[in-house]
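One structure below.
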Amino acid sequence: MLEKVYDPKKFEKEVYEATNDEFYPGVVKSGAAAFSVLMPPPNVTGSLHVGHALTYTIQDILIRYHRCRGFDTLWQPGTDHAGIATQLVVSRELEASGVDVAALEADELISKIWGWKEKSGEQIVRQQMAMGCSAPWSLSRFTMDEHFSKAVIEVFVRLYKDGLIFREKRLVNWDTKLRTAISDLEIQNKEEKGTLWHIKYELENSDGYITIATTRPETMFGDTAVAVHPLDQRYVPMVGKRVRIPYTDRTVPIICDEYIDMEKGTGCLKVTPAHDVNDFAIGKRHSLEMITVIGMDGHMKTSVDVPEFLRGLYLKKARKILLEKLEEDGLLATKEEVLHTIPYGDRSGTVIEPLLTDQWFVDSKTLAGAAINVVEDGSVCFYPKKWENTYFNWMRNIEPWCISRQIVWGHRIPAWYGPSGEIFVERTEEEAVEAAMRHGIGKEQLRRETDVLDTWFSSALWPFVTLGWPNETEALRRHYPTSVLVTGFDIIFFWIARMLMMSLYFMKKIPFKDIYIHALVRDTSGQKMSKSKGNIVDPLALMEEFGADALRFTLAFLSVPGRDIKLGVEHVKISRNFITKIWNAARFLQTKGIEFVDAGIQSIGVKRKLNHWIIAKLNWFKREIAQDFVDYRFDYATRNIQFFVRDTFCDFFIEAIKFQDDDETRAVAASVFANILVVAHPFMPFVTDHLADVLGISKTLSVGLDGYECDIETSSEYEQEVDSFVELIHKIRSERQEHGAESAEYLELRTKLCGWPGELRGIAGIVR
RNA sequence: GGUCAUAUAGCUCAGCGGUAGAGCACUACGUUGACAUCGUAGGGGUCACAGGUUCGAUCCCUGUUAUGACCACCA
């Protein structure tokens, strides 16, 4: 017997344990079509947050839906080593416990991180299980496990030998706190108020001066020119002359360049090629010298280029002292307040310095071509489609991808350097030694690259490496390309674009057919959730209070394309109430003594109007749901489930059959309810499995249900008749409420009702 | 600066070229053989604003405003 109260805590765990061996590929009949989804690997640092809850809910709904319908499903799970993020988290933990991380050898730190990973890696999986994620966990991959690491090296070496990876001295985004380069995507630009200082540079061999404007005076010692616009009448006469950089003996030429905006600042730009992206470009055009005056640590360098009074100072301090001195010496013409954007590192939160360093790059431009084509020609589709714009926009203006990181946690770049800068990129050290020997370089002269790869370099390989590449595996044959990728728009560039590029290059086939982009989850007032704001909605707490099914149903319900999700406790409560409704409907069927026998209704035959009607409605409902899945409209699907269960099944059918007792109606009630459980199962797996089990319908709904088919032909005449009866009932109820049971209108309607068959007239509360 | 969204009931959101929809909240009634974590009925909207297309616009087009996101960037 079902318990009176729906209490998910009492059965969720048990249900999961009873079903989890059905989550593996190959549990279906042979010959089934494959349906596969890549689980975006959560960071090993991770604990489940509500964004995860959303993405995994949607993926699990898709997987369960297809598994129920007989597809051979694979939901490929795994975790990501998340280079910088993880190293940062572990370093902080170590420091908190008194370890001097800076003093650790790289190897020691790496082994500490591994230890930490082993410890915390399982936590997120346990939480995913609690949510009901039906993934084959023993097939889980980690981006740094042995197989994955080999594949990463294979990819790196091939791309290098194909000329698509190169090493170059370029201006990169340097994080002075983490002391590593980062990619353009790892930068957060923030608009801030700043000051534009006008500084006088004296002309050489003349009394005059030229005034430049800058927000970064401390970089002036790296200036190697002053540039003006070629048509700027104010300055053209000065072009070719030289000016002296204050506090140095250095003079630099005044040059002209079309890039200069005559309206901005003073119209004169100090050109600092080593510390500014645009200046770097100007420098290249004019073959200017590049002088680095800022060190990797975010302090002024101690080199001769920097005046003695500033050497080694922290940038902000150097700026302050320099400005004081300029003012004192009358070189500060004026200053104005401006709004400008400052780049910050997304992990460290520190100001990013463009610095000239040797780094490894992927030639994204070349790889992007194919990845643009497959979206253009519709081989790969975004849902909602508008994200294709975003994708094209970025892909068509793509810049080389800086993939080297000066940290320890990650895939070490398989490169070895000879004594004069020779580079050997090979799969193993032995091969590198051999290659070096051919150039007359001995093993002892070789030095291995210490940089590691950007985390996203390995994530980009997720679609094919998880399935066994570079080996030719059954998994690859069966499940590549995958069916759909589900993820948030925030990683379209980081991950989706790069998976497409890498997959197309190495597999020559798309990695996934559809890309479903879901919304961001915000708090009830529409604010982005963050720890510092304290507005985090904890999915674990919600599951604890209302059950995993309620949370899943809510997230699906709120997944309206193109709109962010505002999640509040209230919503989850409503879903829990709806699940209770299903629970109670089951209890009614049970108290009514309805038996669930998988005889189906075909053998009994359906004659009654009401039964034709409910079956017609059920089949309509199932078709709607099928379409909702084609369209990835989980919001529609949940609305349809609510509508059918509440308005059609409970409020009308159940009410009607309270006064009806015959084998046909009982069999129909059983079959329709069994169908409801199957349709609702992807959205609320725990309660549906539990109900199916207790009612004796099935031990588990994971792989679908036989014996309760309702695909019989129904009479549309009967359906319409009952529809009009439903309408009549509403009129009667309304009339009675509005004008009382004595009104002429009411009595007339009531008389009409008498013409209807008994099981319909019997609806409680209307007709005695 | 560029691009893309969004704007509908008090709240959260669906929707549609032709009478405006749901849930929550609200009001009234109700414990009749599952369900008060409920049922029945009801009130409540110039569909952001201004133009245009149309027989007809909340819907399509243009513009404006507000909000949000992303990309680029200014010395």
Side-chain angles (χ1 to χ4, degrees), chain A residues 2 4-7 184-185 189 191 194 196-199 212-217 219 226-227 259-261 263-272 276-279 282 336 338-341 343 384 386-394 397 489-490 492-493 519-520 522 524-528 546 550 554 557-558 560-568 570-571 573-592 594 633 635-636 638-639 642-643 646-647 650-651 654-655 657-659 729-738 762-768:
Chain A
L2 271 173
K4 193 168 163 62
V5 178
Y6 162 60
D7 181 0
D184 298 345
L185 291 175
N189 287 309
E191 191 158 80
L196 186 59
W197 286 281
H198 294 229
I199 298 168
I212 55 91
T214 181
T215 51
R216 304 210 51 194
T219 65
V226 167
Y259 168 79
I260 307 306
D261 185 336
E263 308 292 313
K264 277 180 190 160
T266 59
C268 290
L269 178 71
K270 66 190 265 308
V271 183
T272 323
D276 182 280
V277 189
N278 293 308
D279 293 9
I282 298 173
E336 53 180 306
V338 288
L339 262 185
H340 61 155
T341 40
K386 66 163 183 171
W387 292 111
E388 288 179 7
N389 279 327
T390 311
Y391 173 78
F392 287 139
N393 217 333
W394 189 70
N397 300 298
F489 58 80
D490 49 334
I492 290 179
F493 308 142
L520 201 72
R522 295 169 177 279
T524 35
S525 54
Q527 295 288 307
K528 213 168 181 171
F546 301 106
T554 305
F557 186 88
L558 296 175
V560 175
R563 199 169 191 135
D564 282 344
I565 293 178
K566 289 182 197 165
L567 180 69
E570 202 52 33
H571 276 117
K573 189 176 162 191
I574 291 162
S575 301
R576 191 273 318 269
N577 293 356
F578 173 64
I579 294 169
T580 305
K581 185 84 184 163
I582 298 180
W583 180 272
N584 285 320
R587 287 182 58 223
F588 170 76
L589 299 183
Q590 210 175 33
T591 56
K592 178 119 177 132
I594 287 176
R633 291 302 300 259
D635 55 329
Y636 284 5
T638 48
R639 279 167 174 79
Q642 277 192 337
F643 176 74
R646 187 181 289 148
D647 297 17
C650 291
D651 290 352
I654 283 189
E655 290 305 326
I657 67 169
K658 281 179 178 171
F659 296 84
I729 289 286
H730 284 302
K731 269 191 201 153
I732 288 177
R733 285 168 172 170
S734 178
E735 184 60 31
R736 192 177 52 177
Q737 289 272 351
E738 299 281 283
I763 290 193
I766 299 305
V767 180
R768 322 215 144 92

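Chain naming here is simple, since letters A, B, ... match the order of the sequence lines and numbering starts at 1 in each. Quick caveat, the model's predicted, so the values are computed rather than measured. Computed over heavy atoms, backbone and side chain alike; hydrogens, waters and symmetry mates excluded.
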Worksheet entry | Pairing partner of B:U19 (Watson-Crick or G-U wobble, both distances under 3.5 Å) | none
Response to the item:
Per atom distances to the A:Arg639 side chain, the nearest of B:A14, B:A34, B:U37 is B:A14
Worksheet item: Is any N or O donor-acceptor pair between the side chain of A:Arg733 and the base of B:U40 shorter than 3.5 Å?
Response: no
Response to the item:
By nearest-heavy-atom nucleotide on RNA chain B, the more 5' of A:Asn393 and A:Ala585 is A:Asn393
Worksheet item: Watson-Crick or G-U wobble partner for B:U37, using a 3.5 Å limit on both distances?
Response: none
Discussion item. For a quick check of understanding: with a heavy-atom distance under 4.0 Å over all strands, which category does A:Leu520 fall into, base, sugar-phosphate or nothing?
Written reply: nothing
Worksheet item: With a non-hydrogen cut-off below 4.0 angstrom, is A:Ile654 in contact with a base, only sugar-phosphate, or nothing?
Response: base
Worksheet item: Is any side-chain N or O of A:Lys731 closer than 4.0 Å to OP1 or OP2 of B:A41?
Response: no
Worksheet, complete the sentence: Per atom distances to the A:Lys264 side chain, the nearest of B:C35, B:C13, B:C74 is B:C74
Worksheet item: Taking the same atom, C1', in B:U8 and in B:C13, what whole-Å distance lies between them?
Response: 9 Å
Practice prompt. Enter the distance from A:Asn584:CG to A:Lys4:NZ here, rounded to the nearest 0.5 Å.
Written response: 7.5 Å
Practice prompt. Round to the nearest Å and state the distance from A:Phe643 atom CZ to B:A22 atom P.
Written response: 11 Å
Discussion item. Any heavy-atom pair between the side chains of A:Thr390 and A:Phe489 that's under 4.5 Å?
Written reply: no
Discussion item. Before you tell me yes or no, could you show the steps for A:Ile282 and A:Asp276 under side chain to side chain contact (heavy atoms under 4.5 Å, CB included), namely the whole-Å CA-CA distance, both residues' side-chain angles and the distance that decides it to 0.1 Å?
Written reply: CA-CA 10 Å; A:Ile282 298 173; A:Asp276 182 280; over 6 Å; no
Worksheet item: Does a nitrogen or oxygen in the side chain of A:Asn584 sit under 4.0 Å from OP1 or OP2 of B:C38?
Response: no
Item to complete: Record whether the side chain of A:Glu655 comes under 3.5 Å of the base of B:A34 through a donor-acceptor pair of N or O atoms.
Response: yes
Worksheet item: Under 6.0 Å from the NZ atom of A:Lys573, do we count more than 12 heavy atoms belonging to anything else shown?
Response: no
Fill in: Base of B:C4 paired with side chain of A:Lys386 (donor-acceptor, under 3.5 Å)
no
Worksheet entry | Integer-rounded Å distance: B:A14 P and A:Gln642 CD | 14 Å
Discussion item. From the set B:C4, B:G68, B:G39, return the single nucleotide nearest to any side-chain atom of A:Asp651.
Written reply: B:G39
Discussion item. At 4.0 Å (heavy atoms only), tell me whether A:Leu269 reaches a base, stays on the sugar-phosphate, or touches nothing.
Written reply: base
Worksheet item: Rounded to whole angstrom units, what separation is found between the NE2 atom of A:His571 and the P atom of B:C11?
Response: 13 Å
Worksheet entry | Inter-nucleotide P distance (B:A9, B:C47), Å rounded | 10 Å
Worksheet item: From B:A34, B:U37, B:U40, pick the nucleotide closest to the side chain of A:Asn577?
Response: B:U37
Practice prompt. Would you mind classifying the nucleic acid contact of A:Lys4 as base, sugar-phosphate or nothing, using non-hydrogen atoms under 4.0 angstrom?
Written response: sugar-phosphate
Item to complete: Decide side chain to side chain contact (heavy atoms under 4.5 Å, CB included) for A:His198 and A:Glu336; before the verdict, give the C-alpha distance in whole Å, the side-chain angles of both, and the deciding distance to 0.1 Å.
Response: CA-CA 8 Å; A:His198 294 229; A:Glu336 53 180 306; 2.8 Å; yes
Worksheet item: When you compare B:A28 with B:U19, how far apart are their P atoms, in angstrom units rounded to a whole number?
Response: 33 Å
Discussion item. Taking pairing as Watson-Crick or G-U wobble with both contacts under 3.5 Å, can you name the mate of B:A50, or confirm there isn't one?
Written reply: B:U62
Worksheet item: Please give, in whole Å, the distance from B:G39 P to A:Phe578 CZ?
Response: 11 Å
Worksheet item: Do the side-chain N or O atoms of A:Arg633 get closer than 4.0 angstrom to the phosphate oxygens (OP1, OP2) of B:A14?
Response: no
Response to the item:
By nearest-heavy-atom nucleotide on RNA chain B, the more 5' of A:Ser734 and A:Phe588 is A:Phe588
Worksheet item: If you look at every strand shown and take non-hydrogen atoms under 4.0 Å, does A:Cys650 touch a base, only sugar-phosphate, or nothing?
Response: base
Fill in: Atom P, compared across B:C59 and B:U53: separation rounded to whole Å
14 Å
Fill in: Gap in Å between the two P atoms, one belonging to B:U6 and one to B:C60, rounded
10 Å
Discussion item. Taking only the C1' atom of each, what is the distance from B:G21 to B:C16 in whole angstrom?
Written reply: 10 Å
Worksheet, complete the sentence: Rounded to whole Å, NZ of A:Lys566 lies from P of B:U67 at a distance of 14 Å
Practice prompt. For A:Glu738 and B:C29, give me the distance from atom CD to atom C1', rounded to whole Å.
Written response: 12 Å
Worksheet item: Is it true that a side-chain atom of A:Gln642 and a backbone atom of A:Phe578 form a donor plus acceptor pair closer than 3.5 Å?
Response: no
Worksheet entry | Under 3.5 Å donor-acceptor pair, A:Thr341 side-chain atoms to B:C73 base atoms | yes
Item to complete: Determine the interatomic distance between P on B:G39 and the same-named atom on B:A25; round to the nearest Å.
Response: 11 Å
Worksheet entry | Under 3.5 Å: donor-acceptor pair, side chain of A:Lys592, backbone of A:Ile657 | yes
Worksheet item: How many Å lie between CG on A:Asn389 and C1' on B:G2, as a whole number?
Response: 13 Å
Practice prompt. For the side chain of A:Arg522, starting at C-beta, report the closest nucleotide among B:A41, B:G68, B:U12.
Written response: B:G68
Worksheet item: For B:U3, which nucleotide in any strand shown is its Watson-Crick or wobble partner with both distances under 3.5 Å?
Response: B:A69
Practice prompt. May I ask you to decide if A:Phe557's main-chain N or O and A:Arg639's side chain share a donor-acceptor pair within less than 3.5 Å?
Written response: yes
Item to complete: Kindly say if A:His730 contacts the phosphate of B:A41, meaning a side-chain N or O under 4.0 Å from OP1 or OP2.
Response: yes
Practice prompt. Would you mind telling me which of B:C73, B:A7, B:A41 lies closest to the side-chain atoms of A:Gln737?
Written response: B:A41
Worksheet item: B:C35, B:C73, B:U12: which one has an atom nearest the side-chain heavy atoms of A:Leu558?
Response: B:U12
Discussion item. So A:Val5, base contact, sugar-phosphate only, or nothing? Heavy-atom distance under 4.0 Å.
Written reply: base
Worksheet item: Is A:Phe493 touching bases, backbone alone, or none of the nucleic acid, heavy atoms closer than 4.0 Å?
Response: sugar-phosphate
Discussion item. Is any side-chain heavy atom of A:Thr219 closer than 4.5 Å to one of A:Lys270?
Written reply: yes
Practice prompt. With heavy atoms under 4.0 Å as the rule, sort A:Asp635 into base, sugar-phosphate or nothing.
Written response: nothing
Item to complete: Consider the side chain of A:Ile574, meaning its heavy atoms from C-beta on, and name the nucleotide among B:A34, B:C24, B:C74 that approaches it most closely.
Response: B:C24
Worksheet item: In whole angstroms, how far is the C1' atom of B:A72 from the NE2 atom of A:His340?
Response: 17 Å
Practice prompt. Would you indicate, yes or no, if B:C70 has its OP1 or OP2 atom less than 4.0 angstrom from a side-chain nitrogen or oxygen of A:Tyr391?
Written response: no
Item to complete: Indicate the ring-plane relationship of A:Phe493 and A:Trp394, choosing parallel, tilted or perpendicular according to the 30° and 60° boundaries.
Response: parallel
Item to complete: Scan every strand shown for a Watson-Crick or G-U wobble partner of B:G42, both distances under 3.5 Å, and answer none if you come up empty.
Response: B:C26
